[in-house]
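Each ligand, and each atom within it, is numbered from 1 in the order the structure gives.
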Amino acid sequence: MTHLSTSDNGADRVEHRWATVSVVILVLLVVVATFAALYHGAIPQSRVETVDPRTLHLGGEFIESNLGSAVEPDGAVTVRAIGQQYSFTPSCIVVPTDTPVTFRATSADVVHGFLIDGTNINLMLVPGYVSSLGARFDTPGERLMPCHEFCSVGHEGMWGRIKIVEKAAFARMAAERRRPSCVE
Ligand code: CUA
């Protein structure tokens, strides 16, 4: 009898210890999530922007003549793009180095992915919603922009390009064209 009760106590102790470990892990996760939300402003629910995917081509910020890179009054750049089966518009995006760039994109049909190879820029384009992300590019170059959400039979062939050019070269392009892009 004594023997059995000792082993029972041992199991109890181990169980308590594991319970403590899991509570500590839970508390840590809550602390990390709270820190991310407050310090990094990661509160997506408060920033949802909607747009009607059926009327993108008729008016508003995603009308075709407004797509591409726009220079804001403060010198920052806003890039607007649309994903649709099976391409991006514009298919080649041009951005300057050393400038705050905001990507604003949406989908005209199904869910697509918007990813710039070799960077941490990665968005989902969901019909009805505007996806937005700020970025900054240090070095000029060219990168691929593959769709990374399966969007039906043409998915494999859906990709665009992004050209990062020197700030001065971009300013020259912006002087010639209202919405610079590198579509040939
Ligand atoms: Cu669009 Cu996959």
Would you list the atom pairs, donor with acceptor, under 3.5 Å between side chains in residues 19-31 and any protein atom, with sequence neighbours excluded?
{"unit_1": "Thr20", "atom_1": "OG1", "unit_2": "His16", "atom_2": "O", "d": "2.7"}
{"unit_1": "Ser22", "atom_1": "OG", "unit_2": "Trp18", "atom_2": "O", "d": "2.9"}
{"unit_1": "Ser22", "atom_1": "OG", "unit_2": "Ala19", "atom_2": "O", "d": "3.0"}

Problem set entry | Pairs flagged by disulfide bond (SG atoms under 2.5 Å apart) wherever residues 134-184 is involved - sequence neighbours left out | Cys92-Cys182
Problem set entry | Side-chain H-bond candidate by donor/acceptor type, Glu72 with Thr78, under 3.5 Å | yes
Seminar exercise, completed: Sorted by chain and number, protein N/O/S atoms nearer to atom 2 (Cu) of ligand 1 than 2.8 Å are Cys147 SG, Glu149 O, Cys151 SG, His155 ND1
Exercise. Do the side-chain N and O atoms of Thr89 and Gln84 include a donor-acceptor pair separated by under 3.5 angstrom?
Worked result: yes
Exercise. Counting only heavy atoms not in Glu49, do more than 12 sit closer than 6.0 Å to its CD atom?
Worked result: yes
Tabulate below the donor-acceptor pairs under 3.5 Å that side-chain atoms of residues 113-120 make, not counting sequence neighbours, or state none.
{"unit_1": "Thr119", "atom_1": "OG1", "unit_2": "Ile116", "atom_2": "O", "d": "2.7"}
{"unit_1": "Thr119", "atom_1": "OG1", "unit_2": "Ile121", "atom_2": "N", "d": "3.1"}

